[in-house]
> 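After the structure tokens below, expect a handful of questions from me.
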Amino acid sequence: MDKFTKICNDIKNVKIQGAENIAKAALIAYSFKPTKSSIKKLVSLRPTEPMLVNALNYAKKNGVKKTLELIKNNEVKITKFGLRLIKNNSTIFTHCHSSTVINILKYAKKKGKKFQVYNTETRPLYQGRKTAIELAKAKIKVTTILDDAAHEAIKKSNLMLIGADAILKDVIINKIGSGLFTELAYYHNVPVYISSNSWKFSNKPVKIEEHNFKEVWKNAPKNIKIRDPSFEIVKNKYIKAIVSELGILKPSIFIKRVKIK
């Protein structure tokens, strides 16, 4: 199996997780086979990831190396802006696995901030465990909870910080559970912040992926219908601000300023 095909398989089979990690992997794959057909193939693998599309389009004009450098520079900016949100002795709730969220929390720890984190297991693929492991390695106090236990954890939190897979004009799309948790946070007056590269913005409709039901129940009886939606909508009304390389902006302001080149 050639390197391009292996990366494609890893993206398709969710071995590579997180919008930024998917985009970076796709760029590397594209460097092995820089053709229009390669871009079409890569984009088809994860339809809920605008950053994948935007990164490849940028690389087509400017090259893979420059694109990866720009993503890295944006990560640094997002991390520094995100630091402003982390207060001493605060409790932060997060869901799933977001490299931007983890970067912000690790940077806050490095800068001497004292805080703790609640994070969900994030079923059925348990991406939250990856988050917990990375935070624990950074010596951040983290408590992993069942997705079903999020209500109590949110009530005890000072802010909710999650990533995004797609940013549209009126909504955010993120891991399933995000919509429910942001509504709970809003109800309990816990501010919700989305940390994201602006390249996750799309001015076109984005398909919400549904995975194979066997992720949920591998050997389920035949007469039971099972659904496995991987993402869901988060309404802008529940979001305090979006933290991107553009700054900490209300969703409406972010939409006005975002530019995809």
Side-chain angles (χ1 to χ4, degrees), residues 2-79 81 96-101 103 162-175 194-210 230-231 233-234 236 242-247 249 251-261:
D2 62 76
K3 292 180 180 179
F4 178 86
T5 303
K6 184 181 185 308
I7 293 173
C8 287
N9 289 343
D10 287 347
I11 292 173
K12 181 66 176 177
N13 296 323
V14 202
K15 289 184 178 179
I16 298 173
Q17 300 174 6
E20 283 205 15
N21 291 334
I22 290 168
K24 289 176 184 177
L27 287 167
I28 293 169
Y30 177 66
S31 70
F32 295 132
K33 196 180 291 187
T35 64
K36 289 183 179 179
S37 61
S38 296
I39 290 178
K40 186 176 180 180
K41 169 68 174 177
L42 289 162
V43 168
S44 72
L45 300 174
R46 299 299 301 275
T48 314
E49 305 292 353
M51 187 169 178
L52 173 64
V53 178
N54 293 323
L56 287 170
N57 286 338
Y58 190 90
K60 185 169 62 175
K61 298 177 182 178
N62 301 283
V64 170
K65 182 179 179 181
K66 186 174 180 180
T67 307
L68 287 170
E69 287 175 353
L70 184 56
I71 291 173
K72 185 176 181 180
N73 290 337
N74 285 348
E75 286 175 353
V76 172
K77 291 179 182 178
I78 296 167
T79 299
F81 282 125
C96 199
H97 179 269
S98 164
S99 59
T100 54
V101 170
N103 287 342
I162 59 174
D165 286 273
I167 302 175
L168 308 184
K169 183 178 179 181
D170 299 312
V171 300
I172 304 291
I173 296 175
N174 198 46
K175 180 66 180 178
I194 305 293
S195 62
S196 171
N197 190 304
S198 70
W199 278 7
K200 293 178 186 177
F201 173 74
S202 175
N203 55 14
K204 298 178 181 178
V206 172
K207 179 183 177 182
I208 296 181
E209 298 172 49
E210 185 149 352
S230 190
F231 304 96
I233 284 172
V234 176
N236 282 357
I242 296 172
V243 186
S244 74
E245 73 278 11
L246 304 176
L249 306 172
S252 59
I253 303 300
F254 172 88
I255 296 302
K256 289 178 181 179
R257 289 192 55 186
V258 69
K259 293 180 182 179
I260 303 300
K261 297 180 181 179

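Keep in mind that the numbers below use all heavy atoms, side chains included, and drop hydrogens, waters and symmetry copies.
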> Could you tell me whether the side chain of Ile233 reaches within less than 4.5 Å of the side chain of Ile208, counting heavy atoms only?
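Result yes, sub-4.5 Å side-chain heavy-atom pair found.
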> Could you state the interatomic distance from CG (Leu45) to CG (Leu52), rounded to the nearest 0.5 Å?
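It is 7.5 Å, given to the nearest 0.5 Å.
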> Nearest 0.5 Å, please: how far is CZ in Phe254 from CG in Asn236?
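If we round to the nearest 0.5 Å, Asn236:CG and Phe254:CZ are 10.5 Å apart.
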> Determine whether Val206 and Pro47 make a side-chain contact, defined as any pair of heavy atoms from C-beta on separated by less than 4.5 Å.
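No, every pair of side-chain atoms sits at 4.5 Å or beyond.
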> Between Ile28 and Ile7, is a side-chain contact (heavy atoms from CB on, under 4.5 Å) present by the stated rule, with each step listed?
CA-CA 8 Å; Ile28 293 169; Ile7 293 173; 3.9 Å; yes
> Could you give the distance from CG (Asn74) to CG (Leu246), rounded to the nearest 0.5 Å?
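Spacing of CG (Asn74) from CG (Leu246) equals 8.0 Å.
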> Would a distance-only check, ignoring hydrogens and angles, find a side-chain to backbone donor-acceptor pair under 3.5 Å from Ser38 to Lys33?
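Checked: pair present.
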> Can you check whether Thr100 reaches Asn197 side chain to side chain, under 4.5 Å on heavy atoms?
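Not touching, per the 4.5 Å side-chain cut-off.
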> Is a donor on one side and an acceptor on the other found under 3.5 Å between the side chain of Lys200 and the backbone of Ala164?
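Pair found, side chain donor or acceptor close to backbone of Ala164.
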> Given Lys6, which of Asp2, Asp10, Asn9 fulfils the side-chain hydrogen bond (donor to acceptor under 3.5 Å, both in side chains) condition?
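Of the listed residues Asp2, Asp10, Asn9, the side-chain hydrogen bond (donor to acceptor under 3.5 Å, both in side chains) partner of Lys6 is Asp10.
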> With side-chain contact (heavy atoms from CB on, under 4.5 Å) as the test, pick out the partner of Trp199 among Thr67, Ile167, Val258.
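That would be Thr67; it is the only one of Thr67, Ile167, Val258 passing the side-chain contact (heavy atoms from CB on, under 4.5 Å) with Trp199.
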> Using side-chain contact (heavy atoms from CB on, under 4.5 Å), reason through Ile11 and Arg46 one step at a time and then give a plain yes or no.
CA-CA 8 Å; Ile11 292 173; Arg46 299 299 301 275; 3.4 Å; yes
> At what distance, to the nearest 0.5 angstrom, does CD1 of Ile173 lie from OG of Ser230?
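If we round to the nearest 0.5 Å, Ile173:CD1 and Ser230:OG are 11.5 Å apart.
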> Could you check if a side-chain atom of Leu70 sits within less than 4.5 angstrom of a side-chain atom of Asn62, using non-hydrogen atoms only?
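Not in contact.
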> Kindly indicate whether the side chain of Phe81, heavy atoms from C-beta on, has any atom under 4.5 Å from the side chain of Ser244.
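SC-SC contact between Phe81 and Ser244 ruled out.
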> Is there a donor-acceptor contact under 3.5 Å linking the side chains of Thr48 and Glu209?
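Their side chains do contain a donor-acceptor pair, which is all the 3.5 Å distance test asks for.
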> State the CG-CD1 distance between Asn57 and Ile39, to the nearest 0.5 angstrom.
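With rounding to 0.5 Å, CG (Asn57) is 6.0 Å from CD1 (Ile39).
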> Evaluate the side-chain proximity of Phe201 to Asn54: yes if any heavy-atom separation is below 4.5 Å, no if none is.
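The answer is no, as the side chains (C-beta and beyond) never meet within the 4.5 Å cut-off.
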> Starting at CD1 of Ile194, measure out to CG of Asn174 and round the result to the nearest 0.5 Å.
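So the CD1 of Ile194 and the CG of Asn174 are separated by 6.5 Å.
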> Can you tell if the side chain of Lys175 reaches within under 4.5 Å of the side chain of His97, non-hydrogen atoms only?
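Answer no - side chains too far apart.
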> Looking at every non-hydrogen atom in both residues, tell me the closest pair between Ala29 and Leu42 and how far apart they are.
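Minimum heavy-atom contact is CB-CD2, 4.0 Å.
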> For the residue pair Leu56 and Leu27, establish whether any side-chain heavy-atom pair is separated by less than 4.5 Å.
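In short, these two side chains touch, coming nearer than 4.5 Å.
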> Can you name the nearest heavy-atom pair linking Val101 to Gly163, along with the distance?
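Taking every non-hydrogen atom into account, CG2-N, 3.8 Å.
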